[in-house]
Amino acid sequence: MELLINNDKIKIPDEIGNVSVLLEHFQLDKHIVIVEVNGVILDKTNHRDTRLSDGDKIEIVHFVGGG
Amino acid sequence: MSERYSRQEIFAPIGAEGQEKIRNKHVLIVGAGALGTGSAEALVRAGIGKLTIVDRDYVEWSNLQRQQLYIEKDAQNRIPKAVAAKERLLQVNSEVDIQAHIMDVSVGEIEELVKGVHLIIDATDNFDIRLLLNDASQKYTIPWIYGSCVGSYGISYTIIPGKTPCLNCLLESVPLGGLTCDTAGIISPTVQMVVAYQVTEALKILVEDFDSLLRKLQSFDLWKNQQTAIDVQSLKKDSCPSCGTVRTYPYLDFSNQTKTAILCGRESVQIRPSVQAERNLDELASMLAHQGKVDQNPFLLSFTIDEKRMVIFKDGRVFVHGTKDVSEAKTLYHRYLG
Ligand SMILES: [Zn+2]
């Protein structure tokens, strides 16, 4: 399926069915992240339950520590 | 209109009135690494009235690639960053009142540092201290600007007490140690970009143009050509222990204070003595001289033995270089320093 992630059209394998797996796919699962799907910020506990479908607009911001 | 700040005063959102406001403000920058030197130079050039800058470390060769206030002799002589930064900042603008402290910021220090401060800029490298800044910001109603970067990725967010969610609302938990000490390297444009966001937000706050604040969690990746911002206002939580209705300011609790810390991206451990007392570096130098190699400057003493090196600061703190193992560091500390 094709998702709009941080304003870039990105093709991802269809077996990535939810936000939690998507974060693993981008190696962000160990980070603290804020995820917005179609304009709504997800509760961190809902990442696994949030299904993805073609054309979803997703924003992901992850926290880093360096400075 | 003063010649010195004329270009900033012609810029309509600041103007002569804004310039006068900037001149009457006091900013605290915590950390004088990449982000801290960038923000400090920009604010000093912009004519900030008073700047306090604090850092626990000294200049090393690996800093020179991106920490813009430092030069080779600072690395050669292991000059504490606070000292080297102040020297350069006064060369840039001698009209600014610059307070520089060689200091590890924890609970006791932050409560002193924030007195009379209008804005705190985060230039630290770990979340323990950011959550401390966050609680101090809420307790004393002082805005602060989070900023962080690694590789080509950067992130920033402005926290206005009583208006925006705080860092604790956004994180919900302290990121694990491994994530705070990134070893992915960094390029200087990433630093400059975060500094650009932080200083622009700072100028808006200093001239009291709060309506112009970004109000979004901003991130970018310069190498991947990405930029994104999320409006996180809905994440403000009434139940937050830092900014909610019942506040405990958990990170200002002395019992949460750490005595040892692994320094970011380096094989080093910092040890803070439980009772703070100034070290007599001359006495220490003569005591250690027959056990290893001793180098000294007015601010710190470096003691090399085998593969390990210890740096002892006047304020009693010790860096043990060559290990990430806290217990090994403590053993060395007690063996040579009592
Ligand atoms: Zn909060």
Side-chain angles (χ1 to χ4, degrees), chain A, chain B residues 30-31 33-36 38-39 122-130 146-151 153-155 157 167 170-186 190-191 194-195 198 216-221 224-235 264-265:
Chain A
M1 78 187 115
E2 193 176 82
L3 303 173
L4 194 65
I5 301 176
N6 295 353
N7 300 317
D8 282 335
K9 283 180 186 163
I10 295 176
K11 278 205 173 9
I12 58 155
D14 283 344
E15 52 270 26
I16 297 175
N18 63 52
V19 169
S20 191
V21 182
L22 184 74
L23 292 174
E24 282 167 34
H25 180 72
F26 289 118
Q27 287 152 15
L28 289 173
D29 50 312
K30 300 269 190 306
H31 284 80
I32 291 190
V33 292
I34 292 182
V35 183
E36 192 184 79
V37 177
N38 301 326
V40 179
I41 297 178
L42 300 182
D43 197 291
K44 289 181 179 59
T45 54
N46 289 341
H47 289 173
R48 195 157 291 281
D49 297 333
T50 304
R51 311 287 309 166
L52 293 171
S53 36
D54 198 53
D56 278 345
K57 190 176 182 303
I58 295 166
E59 305 283 350
I60 304 172
V61 171
H62 67 276
F63 286 89
V64 291
Chain B
V30 183
L35 293 176
S39 282
D122 163 36
T124 67
D125 60 8
N126 66 82
F127 282 100
D128 290 328
I129 185 158
R130 287 193 179 97
Y146 160 63
S148 183
C149 48
V150 60
Y153 180 85
I155 177 169
Y157 186 65
L167 187 68
L170 302 188
L171 293 178
E172 291 178 351
S173 58
V174 188
L176 299 171
L179 295 176
T180 66
C181 289
D182 280 295
T183 46
I186 178 96
T190 317
V191 174
V194 174
V195 167
Q198 285 185 300
K216 284 181 178 174
L217 180 64
Q218 176 72 46
S219 80
F220 63 83
D221 191 314
K224 293 182 183 163
N225 311 307
Q226 287 178 343
Q227 189 155 14
T228 192
I230 298 182
D231 182 342
V232 290
Q233 191 60 35
S234 66
L235 295 178
C264 251

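Both backbone and side-chain heavy atoms feed into the values below; hydrogens, waters and symmetry mates do not. Below, chain A is the first sequence line, B the second, and so on; all start at residue 1.
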Measure B:S234 against the heavy atoms of chain A and call it side chain, backbone, both or neither at under 4.5 Å. side chain
Honestly, the part of B:D231 sitting under 4.5 Å from a heavy atom of chain A is backbone
Around atom NZ of A:K44, are there more than 12 heavy atoms from other residues, nucleotides or ligands closer than 6.0 Å? yes
If I measure from the heavy atoms of chain A, does B:Q218 come under 4.5 Å with its side chain, its backbone, both, or neither? neither
Tell me, for B:L170 versus chain A, whether the close heavy atoms (under 4.5 Å) come from the side chain, the backbone, both or neither. both
Checking B:Y146 against chain A: side chain, backbone, both or neither under 4.5 Å from a heavy atom? side chain
Run A:I34 and B:L235 through side chain to side chain contact (heavy atoms under 4.5 Å, CB included) and show every step you take. CA-CA 10 Å; A:I34 292 182; B:L235 295 178; 3.7 Å; yes
Nearest 0.5 angstrom please: B:T228 OG1 to A:I60 CD1, how far? 9.0 Å
Between A:G65 and B:S148, the two heavy atoms sitting closest are C-OG, 3.1 Å
Please look at B:A34 and chain A and tell me whether the side chain, the backbone, both or neither of the residue comes under 4.5 angstrom of a heavy atom of that chain. both
Using heavy-atom distances under 4.5 Å, tell me whether B:L167 contacts chain A through its side chain, its backbone, both, or neither. side chain
Checked B:G38, B:S219, B:A229 vs chain A; the most non-hydrogen pairs under 4.5 Å come from B:S219
Sort A:I41 into side chain, backbone, both or neither according to what part of it lies under 4.5 angstrom from a heavy atom of chain B. side chain
Heavy atoms only: give me the nearest A:V64-B:R130 pair and the separation to one decimal. O-NH1, 4.2 Å
Heavy-atom pair of closest approach, residues B:Q226 and A:N6: OE1-ND2, 4.3 Å
Is chain B contacted by the side chain of A:D8, its backbone, both, or neither, given a heavy-atom distance below 4.5 Å? side chain
Under a 4.5 Å heavy-atom cut-off, does chain A meet the side chain of B:V191, its backbone, both or neither? neither
